[in-house]
Amino acid sequence: MALSPASVGPVIAEVEMNAGADQGATTVRATVVQACSVFYDTPATLDKAEKLIVEAAGYGSQLVLFPEVFVGGYPHGSTFGLTIGSRSAKGKEDFRKYHAAAIDVPGPEVSRLAALAGKYKVFLVIGVVERAGYTLYNTVLSFDSLGKYLGKHRKLMPTALERVFWGFGDGSTIPVYDTPLGKIGAVICWENRMPLIRTAMYAKGVQIYCAPTADALPSWQASMTHIALEGGCFVLTANQFCRRKDFPPPPEYTFGGHEEEPSPETAVCPGGSAIISPSGTVLAGPNYEGEALLTADLDLGEIVRAKFDFDVVGHYARPEVLSLTVKTEPKHAVSFTSTVG
């Protein structure tokens with residue numbers, strides 16, 4: 001389906017630190033997408049994203065969350081030819097292709113995603129591989145239902161080998177957006193194990209906490225339930241469901257860490273997407289069966305009821321004993337100054 005490109009709109013202001021929760025109870029219908037990227041093929045991935053957004057909108061969903069790096073893909077099993085002190089020629093070529101599949105922010109792909117959000121009238125949160133020159137970032141983009149690009153979050157701490165092909169985010173991209181659906185923010189994969197970034201999100205009043213991930217371990221569900229209880233918020237977690245056949249065949253693409261090459265039908269990422277309420281109740285999922293859309297109605301009044309028990313940055317805080325400072329200034333490798341004579 002052809003879409004007219006939409007210009008990227010202005011970034012809306014995020015909520016202030018220690019912002020209070022809205023008092024009026026409303027219901028938000030949210031969908032978590034569990035699906036695999038079309039690896040090395042960003043136009044095809046965007047086409048697939050549109051089909052999934054259309055389906056979610058057909059359910060009446062107002063908020064749609066996609067997995068970590070859905071656009072650009074998660075390079076399951078790839079080593080990029082790395083050993084300590086050496087990088088292979090094939091690994092460098094693998095990175096070149098991965099870099100080519102990434103997107104510029106802003107850029108034409110961002111404009112298309114904005115157009116999709118506006119056309120189908122959904123608040124869209126989607127993981128992408130962001131290209132900034134020759135450095136890549138694991139990034140989440142947010143768009144409102146009017147088709148405006150709201151902003152991004154760059155993953156602060158890539159996990160394990162991710163640190164050799166993704167850069168590090170800083171405190172300038174930890175937003176929570178105050179929207180008609182509630183206060184929405186995103187934290188990526190194992191960032192969610194970092195107590196301080198969670199605390200920053202709670203202090204910004206997050207109500208719908210999006211956690212796109214690549215973690216399909218059973219322990220991930222425990223983390224998501226804990227965050228819902230700790231933050232008194234709804235937690236939406238989206239993972240891809242990928243089989244070996246969803247990646248290029250060998251020898252173009254090989255899986256490290258396996259005694260033998262996985263069979264085409266092997267699930268190399270088995271999903272586990274879910275929606276959890278502030279009381280810790282699982283509203284949808286976890287799904288380990290295949291690609292799926294998981295939908296639930298979120299009663300925002302449940303947040304107030306949960307906060308009555310435990311408000312981690314409110315009545316349950318002890319700032320005279322424990323406090324947190326978040327440095328929100330962007331960090332640049334090079335700064336230029338001039339002296340006017």
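Since the structure is predicted, the reported quantities are computational estimates derived from the model, not experimental observations.
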Please answer whether the main-chain N or O of [Y] pairs with a side-chain N or O of [X] as donor and acceptor at a distance below 3.5 Å.
X: Glu291; Y: Cys36; value: yes
X: Ser78; Y: Phe80; value: yes
X: Arg244; Y: Thr266; value: no
X: Asp144; Y: Leu150; value: no
X: Gln221; Y: Gly272; value: yes
X: Ser61; Y: Ala56; value: yes
X: Gln34; Y: Ala292; value: no
X: Arg198; Y: Asn192; value: yes
X: Glu265; Y: Arg243; value: no
X: Lys155; Y: Trp166; value: no

Between [atom1] of [X] and [atom2] of [Y], what distance do you get to the nearest 0.5 Å?
X: Thr254; Y: Glu261; atom1: OG1; atom2: CD; value: 7.0 Å
X: Ile275; Y: Leu63; atom1: CD1; atom2: CG; value: 8.5 Å
X: Cys210; Y: His153; atom1: SG; atom2: NE2; value: 11.5 Å
X: Tyr253; Y: Asp246; atom1: OH; atom2: CG; value: 11.0 Å
X: Gln207; Y: Leu300; atom1: CD; atom2: CG; value: 5.5 Å
X: Ser142; Y: Leu65; atom1: OG; atom2: CG; value: 9.0 Å

Indicate the atoms forming the closest heavy-atom contact of [X] with [Y], along with that distance.
X: Gly185; Y: Val206; value: N-CG2, 3.8 Å
X: Ala35; Y: Pro67; value: O-CG, 4.0 Å
X: Gly72; Y: Phe39; value: O-CE1, 4.1 Å
X: Phe70; Y: Ile126; value: CD2-CD1, 4.2 Å
X: Leu236; Y: Ala30; value: CD2-CB, 3.7 Å
X: Ser277; Y: Ala228; value: O-CB, 3.2 Å

One thing to verify: whether [Y] and [X] come together as a salt bridge, which I'm taking to mean a side-chain N less than 4.0 angstrom from a carboxylate O.
X: Asp47; Y: Lys51; result: no
X: Lys97; Y: Glu252; result: yes
X: Glu191; Y: Arg193; result: no
X: Arg96; Y: Glu93; result: yes

Side chains of [X] and [Y]: does their closest heavy-atom pair fall under 4.5 Å?
X: Leu136; Y: Phe165; result: no
X: Cys269; Y: Phe241; result: no
X: Pro278; Y: Ile303; result: yes
X: Leu283; Y: Leu298; result: yes
X: Pro212; Y: Val140; result: yes
X: Ile174; Y: Met201; result: yes
X: Met157; Y: Glu162; result: no
X: Val71; Y: Glu109; result: no

Chi angles and distances behind the side-chain contact (heavy atoms from CB on, under 4.5 Å) call for Thr237, Val32
CA-CA 7 Å; Thr237 183; Val32 167; over 6 Å; no
Are more than 12 heavy atoms, taken from residues, nucleotides or ligands other than [X], located less than 6.0 Å from that residue's [atom1] atom?
X: Glu260; atom1: CD; value: no
X: Lys90; atom1: NZ; value: yes
X: Tyr316; atom1: OH; value: no

Common cluster, [X]/[Y], ILVMFWY with side-chain heavy-atom separation under 4.5 Å:
X: Ile227; Y: Leu217; value: no
X: Tyr120; Y: Leu46; value: yes
X: Tyr209; Y: Phe310; value: yes
X: Trp190; Y: Val129; value: no
X: Leu141; Y: Val69; value: no

Is it the case that the side chains of Ser37 and Gln240 hold a donor-acceptor pair, with the cut-off being a distance below 3.5 Å and no angle test?
yes
Check: Thr45/Thr42 side-chain N/O donor and acceptor closer than 3.5 Å:
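The criterion, which ignores hydrogens and geometry beyond distance, is not satisfied for Thr42 and Thr45.
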Decide side-chain hydrogen bond (donor to acceptor under 3.5 Å, both in side chains) for Glu302 and Ser279; before the verdict, give the C-alpha distance in whole Å, the side-chain angles of both, and the deciding distance to 0.1 Å.
CA-CA 8 Å; Glu302 191 171 344; Ser279 66; 3.0 Å; yes
Hey, which of Tyr98, Phe255, Tyr74 is the one that makes ring pair (Phe, Tyr, Trp, His ring centres under 6.0 Å) with Phe247?
Phe255
If we check ring pair (Phe, Tyr, Trp, His ring centres under 6.0 Å) with Phe143, which of these qualifies: Tyr149, Phe123, Phe66, Tyr177?
Tyr149
CA sep, side-chain torsions, deciding dist, call: Val268, Cys242, side-chain contact (heavy atoms from CB on, under 4.5 Å)
CA-CA 6 Å; Val268 296; Cys242 304; 4.0 Å; yes
Thr295 vs Arg29, side-chain contact (heavy atoms from CB on, under 4.5 Å): CA-CA, chis, key distance, verdict:
CA-CA 7 Å; Thr295 299; Arg29 180 161 293 180; 3.7 Å; yes
Side chain to side chain contact (heavy atoms under 4.5 Å, CB included), paired with Ile197, selected from Leu324, Val326, Leu156, Ile188:
Leu156
Evaluate the side-chain contact (heavy atoms from CB on, under 4.5 Å) criterion for residues Arg87 and Lys92: first the C-alpha distance (whole Å), next the side-chain angles of each, then the deciding distance (0.1 Å), finally the verdict.
CA-CA 7 Å; Arg87 288 156 298 281; Lys92 292 181 179 182; 4.1 Å; yes
All N/O donor-acceptor pairs, side-chain side in residues 329-338, below 3.5 Å, sequence neighbours left out:
none

Aromatic ring pairing His99/Tyr134, orientation class (parallel under 30°, perpendicular over 60°, tilted between):
parallel
